[in-house]
Amino acid sequence: MNLFNVYPLFNINPVKAQGSFLWDENGQQYLDFYGGHAVISIGHNHPHYVERLKNQLEKISFYSNSVENKIQEELAEKLGILSGYEDYSLFLCNSGAEANENVLKLASFHNGKKKVVYFSEAFHGRTSAAVAVTDNPKIVAPVNESENFIKCEFNNSEELEKIFAENQNEISAVIVEGIQGVGGINLLTEDFILKIEKLCKENNSILILDEVQSGYGRSGKFFAHQEFDIKPDLITVAKGMGNGFPMGGVLISPKFEASYGLLGTTFGGNHLACVAGLAVLEVIENENLIENSEKIGAYIEEKIKYFPHIKNIKRRGLMIGIELDQACADVRKALLFEHFIFTGNANDKNVLRILPALNISEKESDLFINALEKTLKSIDAKKEIIEFK
């Protein structure tokens, strides 16, 4: 049997990782400035994380949600304190897509309405309803298509008002990312997010903040939306939540009433996942990683802002989009194969996406900064050689 070929792969096989570095099977070291799509929040194989998982593995790794699991309660309490949402409830699942599926269902259960507003360049997952609110027709199958999902231009308040006016009493929810990641590190304007909140309140619609990529300290706040004076009804989390251990979750406003069977999961909130989640929160708190995220993000921005070919830097904390004056594919390849640094791309082909671990240091960041400078300067040098010829 072969693997189902759905990923274009770099010919690199990482076999070891520590902190912000990876090593392939040939012993080549790589700087990880992408964290596997923002998953590695506290660095690879953090000692506290490893010790927590080892200890739990020797006790119990899994049982179903038909019995008590006190580690779930510990995780919920810790997450509530660090995020500032102590009065919310937590539902645990396995991924960001699953979290988004559950919030869309929960919103509809709550108000009995069907329609959901989403935004251009949005990415919320690849499963049924989550992919229907993702702005990528290539991954939306016919079975996922429905008139219940309405796309609005990102940061366009006038269009959003029009959508609400045309669909009075029908809009169940509005789902928006704290920062659009796959879209290219697109930042919400304050006016727009306040308009979303206002329209949701006026129309008995649920405000859903997808913090799957932008949450857990990456933006310099625990959640990216905490830059603004808003409080969403539902918040989804995943990626950095488990530092590589698959897990996701939903933070649920007190306005929602739970009932048996309303939501459910087989593997969500298992013992190992919860310990991984606790270890991440403990490291974030003990090592002041939210503060470090903003500090190092600002350091990187200051160092690179005058480099050639950079048109714009879109950044909150360590969620960074470097917009070039051309497609970033060749730059990304040069960083990987000449300087051995992992970076990411986005729907916007000109945006280089940077998502390092939140405990990245200035010294490690300098490796990326110097490599990026050399790579961007080499563009003009190559052009001069071609023109000379």
Side-chain angles (χ1 to χ4, degrees), residues 65 68-96 98-117 124 129-130 133 164 169-178 188 193-212 214-217 219 221-238 241 247-265 268-269 273-274 277-278 280-281 284-285 290:
N65 285 301
E68 289 185 358
N69 181 347
K70 296 296 184 182
I71 314 176
Q72 290 183 352
E73 297 174 16
E74 286 182 57
L75 177 60
E77 182 179 7
K78 189 77 170 177
L79 177 54
I81 292 169
L82 293 190
S83 69
Y85 281 95
E86 291 180 79
D87 59 332
Y88 278 44
S89 301
L90 178 65
F91 173 74
L92 291 165
C93 52
N94 306 284
S95 69
E98 188 180 343
N100 285 329
E101 290 288 336
N102 279 288
V103 289
L104 293 170
K105 184 167 67 171
L106 194 55
S108 187
F109 274 137
H110 179 76
N111 55 27
K113 298 191 279 188
K114 296 180 180 180
K115 295 192 175 181
V116 178
V117 178
H124 298 289
V133 291
F164 268 90
N169 302 317
E170 292 185 90
I171 295 176
S172 172
V174 177
I175 185 168
V176 62
E177 292 158 272
L188 285 162
I193 189 61
L194 292 178
K195 176 64 70 174
I196 295 174
E197 183 184 49
K198 181 174 182 288
L199 288 169
C200 283
K201 286 180 178 177
E202 291 174 350
N203 292 273
N204 186 30
S205 302
I206 298 302
L207 173 54
I208 300 170
L209 253 294
D210 178 339
E211 293 277 6
V212 167
S214 55
Y216 266 69
S219 71
K221 307 280 187 185
F222 194 92
F223 291 126
H225 72 262
Q226 290 172 321
E227 177 184 356
F228 310 107
D229 185 23
I230 65 164
K231 201 161 188 183
D233 301 303
L234 298 167
I235 304 165
T236 57
V237 290
M241 187 179 192
M247 69 183 310
V250 181
L251 281 69
I252 303 169
S253 162
K255 73 166 63 176
F256 293 87
E257 185 176 347
S259 61
Y260 295 144
L262 184 71
L263 304 177
T265 173
C274 286
L278 273 168
V280 167
L281 291 174
I284 286 175
E285 180 180 31
I290 297 176

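These numbers were taken from a predicted model, which means no experiment stands behind them.
E202 is linked by a salt bridge (charged side-chain N to carboxylate O under 4.0 Å, His left out) to K198, counting only residues two or more places apart in sequence or in another chain.
A donor-acceptor distance shorter than 3.5 angstrom exists from the side chain of N100 to the backbone of H124, with no hydrogens or angles considered. A distance-only check finds no donor-acceptor pair linking the side chain of D233 to the backbone of S253 [under 3.5 Å]. Looking at N65, its side chain never comes within 3.5 Å of a backbone N or O of G264 through a donor-acceptor pair. No donor-acceptor distance shorter than 3.5 angstrom exists from the side chain of S205 to the backbone of A173, with no hydrogens or angles considered.
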- [ ] Could you walk me through whether Y216 and L82 pass side chain to side chain contact (heavy atoms under 4.5 Å, CB included), step by step?
- [x] CA-CA 9 Å; Y216 266 69; L82 293 190; over 6 Å; no
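Within the 4.5 Å cutoff, the side chain of E73 has no heavy atoms near those of the E77 side chain. The shortest distance between side-chain heavy atoms of L209 and F223 does not fall below 4.5 Å. With contacts defined as side-chain heavy-atom distances shorter than 4.5 Å, the pair L263/K105 qualifies. Considering only heavy atoms from C-beta on, S214 stays 4.5 Å or farther from E177 through its side chain. Here the side chains of L75 and M247 are in contact, with some heavy-atom distance below 4.5 Å. Counting heavy atoms from C-beta on, the side chains of L188 and V176 come closer than 4.5 Å.
Screening residues 82-93 for side-chain hydrogen bond (donor to acceptor under 3.5 Å, both in side chains), with sequence neighbours left out, gives Y85-H225.
Going from atom CG of L106 over to atom CD1 of I206 covers 8.0 Å, rounded to the nearest 0.5 Å. Between the CG atom of N204 and the CD1 atom of I171 there is a distance of 11.5 Å, given to the nearest 0.5 Å. Between F164 atom CZ and I196 atom CD1 the span is 8.5 Å, to the nearest 0.5 Å. Note that the CD atom of Q72 and the CG atom of L92 stand 5.5 Å from one another [nearest 0.5 Å]. To the nearest 0.5 Å, atoms CG (L79) and CG (L251) are separated by 5.0 Å. In this structure, F109 CZ and E257 CD are separated by 13.5 Å, a value rounded to the nearest 0.5 Å.
Annotation for S219 and A224: closest pair OG-CA, 3.3 Å, computed over non-hydrogen atoms. Of all heavy-atom pairs spanning V237 and M241, the tightest one is CG2-SD, 3.7 Å. Smallest separation of non-hydrogen atoms from A99 and G249: CB-O, 3.6 Å. Of all heavy-atom pairs between K113 and N169, the closest is CD-O, 3.0 Å. Contact record, A238 with G96: CB-N, 3.3 Å, taken as the closest heavy-atom pair. H110 approaches K255 most closely through the heavy-atom pair CE1-O, 3.4 Å.
Within 6.0 Å of NZ on K78 lie more than 12 heavy atoms contributed by other residues, nucleotides or ligands.
Salt bridge present: K115 and E170 bring a charged side-chain N and a carboxylate O closer than 4.0 Å.
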